[in-house]
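I have placed the structure first, in the form of structure tokens, so that the comments after it can refer back to it.
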Amino acid sequence: MSLRAVKGMKDILPDEISKWHRLENAFRTRVEGYGFREVRFPILEPTALFVRSIGETTDIVEKEMYTFTDRGEKSLTLRPEGTASSVRAYVQHSVQAREPVTKWYYIGPMYRRERPAKGRFRQFYQAGIEVFGDPGPYVDAEVIDMVVGFIASLGISDVEVLVNSIGGPETRESYRDALLGYLTPYRAELCPDCQRRMDANPLRVLDCKVPRCSEIAAGAPSILKHLTDEDRAHFDGLQETLTILGTPYRVDGSLVRGLDYYSRTLFEVLGKGEGLGAQNALLGGGRYDQMVRSFDGPDTPAIGFAMGLERLLMAMPEADTESHVDVFIVAAQASVRGQATLLGRELRDAGLRVESDLRGGSLKSQLRRADKIDARIAMILGESEVEEGVVQLKDLKNKTQEQVPRTDAAARAKSLLSD
RNA sequence: GUGGGUGUAGCUCAGUGGUAGAGCACUGGAUUGUGGCUCCGGGUGUCGCGGGUUCAAUUCCCGUCACUCACCCCA
């Protein structure tokens with residue numbers, strides 16, 4: 001066929017959707033237990049929002065955004081992530097004036113025009129949280145602990161939690177100088193990308209996967225040694241709290257995020273199980289204390305993370321699929337199809353999930369259908385049943401059948417289902 | 001953007017220089033109104049597309065497109 005879903009964008013069919021629901025419900029339940037409330041943002045935002053927040057020289061902004069001009073007027077972009085919109089909405093609605101601390105969560109599609117691979121799509125789903133107004137470090141630890149607990153609750157056990165601090169602006173400036181001082185003699189040995197990174201954003205050289213670059217990066221001075229006293233105290237506070245909580249973590253001084261807005265705390269959860277492929281970053285986040293102010297909001301510290309739902313889904317163990325139908329109605333003759341349809345409505349009004357094959361067909365084929373879709377109960381209605389005001393109630397699992405008055409059918413079905 | 005792999009039935013895949021198969025799925029029957037198991041029967045394909053070689057190409061060659069995996073980067 002010639003018309004297909006756009007490259008890197010997938011349909012999620014009903015057979016897969018229950019796993020998505022399981023994941024999304026687990027996330028909602030988890031974060032709501034910590035006081036987070038849901039927000040929904042537009043999928044389209046002004047392009048400048050992402051350029052300013054994510055950073056002009058990041059890969060996302062340089063080459064991965066879906067950007068177009070709206071009818072020759074404004075440049076719009078399909079959101080590549082959720083934090084920028086969160087900050088925009090927080091500032092736009094002066095949320096700081098209503099409450100000292102704001103805890104939001106979101107779930108939705110994001111768009112990045114990357115080459116698709118296992119666990120990486122051009123439309124992908126993220127769930128994330130943001131906390132505005134709490135400078136930490138206790139909230140940092142609580143957020144990390146929350147996400148670790150969440151991932152465990154999905155049955156994903158084989159993960160590693162990495163934390164780092166890149167300090168505030170002051171730390172970053174002094175570290176940048178030190179790092180450049182270290183890297184400059186190696187400049188010619190670095191890959192072309194890293195040579196460019198040295199000018200644009202030297203911290204990213206630490207994250208390079210080219211063997212020679214990572215060798216050089218391994219010898220680089222640690223940013224942790226350049227933290228100001230305040231930044232150091234914050235990072236120590238985070239680690240102490242994680243220890244009290246018993247949250248497993250590992251400090252990784254080379255952890256650098258690909259978005260420019262972070263400060264101080266950074267963290268990432270790596271999945272280590274089979275089946276994830278090379279895209280093993282399940283979740284990433286950190287603190288972005290300067291961002292609200294940079295969007296003309298009040299000076300407001302903030303921390304958040306986002307996780308990739310497709311990747312979580314790949315790491316989640318399979319669960320038994322549950323039936324989506326309680327009762328399947330079988331019309332024994334074409335003449336009672338109208339009555340069968342009415343019975344369906346009666347049962348649904350009583351709160352049951354009811355299916356039937358309104359096309360008719362043989363009794364055998366209708367029962368086969370009931371079995372196929374895993375209905376627990378079949379209710380058979382024929383001419384004699386209609387005449388007597390009864391239905392044949394067949395328990396497909398226990399292979400028993402009884403005749404019950406039609407008025408009792410719903411109640412009897414419910415009691416069977418609750419066993 | 002760079003490299004590798006794969007394109008055959010709705011799905012998973014086998015196969016052949018003489019235009020094609022299995023399992024699953026779907027469907028009818030064995031049981032005039034009773035499912036799952038078993039048995040018997042049924043339908044379905046531009047063999048991704050274009051070109052070349054050949055008497056003949058789904059098969060060999062070239063190109064192209066799609067999908068996929070890895071690199072890069074990220075969730």
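Just so it is clear, the values below take in all heavy atoms, side chains as well, and ignore hydrogens, waters and symmetry mates. Reminder, nothing fancy here: chain letters follow the sequence lines and each chain counts from 1.
- The gap from the P atom of B:U58 to that of B:G50 amounts to 10 Å, rounded to the nearest Å.
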Test side chain to side chain donor-acceptor pair (under 3.5 Å) on A:Arg187 and A:Thr184 and set out the steps. CA-CA 5 Å; A:Arg187 184 173 189 115; A:Thr184 301; 6.0 Å; no

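- Note on residues 35-46 of chain A: pairs passing side chain to side chain donor-acceptor pair (under 3.5 Å), not counting sequence neighbours, are A:Arg28-A:Glu38, A:Glu38-A:Arg40, A:Glu45-A:Ser85, A:Glu45-A:Arg88.
- Applying the salt bridge (Lys or Arg N to Asp or Glu O under 4.0 Å) criterion to A:Arg376, with sequence neighbours excluded, gives A:Asp395.
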Are A:Arg406 and A:Gln339 close enough, and set up right, to give a side chain to side chain donor-acceptor pair (under 3.5 Å), and what steps lead you there? CA-CA 11 Å; A:Arg406 184 152 159 183; A:Gln339 280 300 317; 2.9 Å; yes

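- The closest donor-acceptor contact from the side chain of A:Thr47 to the backbone of A:Ser75 lies under 3.5 Å.
- The side chain of A:Arg115 approaches B:U68 more closely than any other nucleotide in the set B:A75, B:U68, B:C73.
- Rounded to a whole angstrom, the distance from the C1' atom of B:U64 to that of B:C74 is 31 Å.
- Mapped onto RNA chain B by nearest heavy atom, A:Pro116 and A:Leu282 fall at different nucleotides, with A:Pro116 at the one closer to the 5' end.
- Using cut-offs of 30° and 60° on the angle between ring planes, the pair A:Trp104 and A:Phe41 is tilted.
- Looking at A:Gln96 and A:Thr102, their side chains never bring a donor and an acceptor atom within 3.5 Å of each other.
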Going 5' to 3' through nucleotides 7-12 of chain B, assign each nucleotide B (protein heavy atom under 4.0 Å from a base atom), S (under 4.0 Å only from sugar-phosphate atoms) or - (no protein heavy atom that close). ------

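- Across the protein-nucleic acid pair, A:Phe27 atom CZ and B:A75 atom P stand 15 Å apart, rounded to whole Å.
- Across the protein-nucleic acid pair, A:Phe328 atom CZ and B:G36 atom C1' stand 15 Å apart, rounded to whole Å.
- In terms of position along RNA chain B, the nucleotide closest to A:Ala5 lies nearer the 5' end than the nucleotide closest to the other residue of the pair A:Val269 and A:Ala5.
- The separation of B:U59 from B:U46, taken at their P atoms, amounts to 16 Å, rounded to a whole angstrom.
- When all heavy atoms are compared, the tightest approach of A:Ser53 to A:Met291 is CB-CE, 3.3 Å.
- As rounded to the nearest Å, B:C49 and B:U8 have P atoms that lie 10 Å from one another.
- Here, B:A57 and B:G43 have their P atoms 28 Å apart, quoted to the whole Å.
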Could you encode protein contacts along nucleotides 26-35 of chain B as a string, one character per nucleotide from 5' to 3', using B for base contact, S for sugar-phosphate-only contact and - for no contact, with a heavy-atom cut-off of under 4.0 Å? S-S-B--BBB

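- Distance noted for atom C1' between B:G21 and B:A9: 10 Å (whole Å).
- A straight line from CZ of A:Arg122 to P of B:A66 spans 10 Å, rounded to a whole angstrom.
- Nucleotide B:A66 holds its P atom 15 Å from the NZ atom of A:Lys10, rounded to whole Å.
- For the pair A:Lys118 NZ and B:C71 P, the interatomic distance rounds to 12 Å; values are reported in whole Å.
- Rounded to whole Å, the P atom of B:C11 lies 15 Å from the corresponding atom of B:C26.
- Seen from the ring of A:Phe124, A:Arg112 does not count as a face-on cation partner, given the 6.0 Å and 45° thresholds.
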Is there a ring pair (Phe, Tyr, Trp, His ring centres under 6.0 Å) between A:Phe121 and A:Tyr125 once you walk through the steps? CA-CA 9 Å; A:Phe121 308 97; A:Tyr125 291 81; 9.4 Å; no

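- Taking atom CD1 of residue A:Ile60 and atom C1' of nucleotide B:C72, one finds them 13 Å apart after rounding to whole Å.
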For RNA chain B, the dot-bracket pattern of Watson-Crick and G-U pairs whose distances stay under 3.5 Å, | for other-strand partners: (((((((..((((....[..)))).(((((.......))))).....(((((..]....))))))))))))....

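- Residues passing the salt bridge (Lys or Arg N to Asp or Glu O under 4.0 Å) test with A:Arg22: none are found, sequence neighbours excluded.
- Residue contacts shown for A:Gly128 are absent, as no nucleic acid heavy atom lies under 4.0 Å away.
- For A:Met9 and B:C67, the CE to P distance is 12 Å, given to the nearest whole Å.
- The ring of A:Tyr105 has its center closer than 6.0 angstrom to the ring center of A:Phe27.
- A:Ala306 comes within 4.0 angstrom of sugar-phosphate atoms only, judged by non-hydrogen atoms across all strands, and of no base.
- When each of A:Gln392, A:Arg412, A:Lys394 is paired with A:Glu402, the side-chain hydrogen bond (donor to acceptor under 3.5 Å, both in side chains) condition holds for A:Arg412 and for no other.
- If you take atom C1' in B:C24 and the same atom in B:C67, they sit 22 Å apart, rounded to whole Å.
- Residue A:Tyr111 contributes atom OH, which lies 15 Å from atom C1' of B:A75 at whole-angstrom precision.
- Within 3.5 Å, no donor on the side chain of A:Arg120 pairs with an acceptor on the base of B:C69, nor the reverse.
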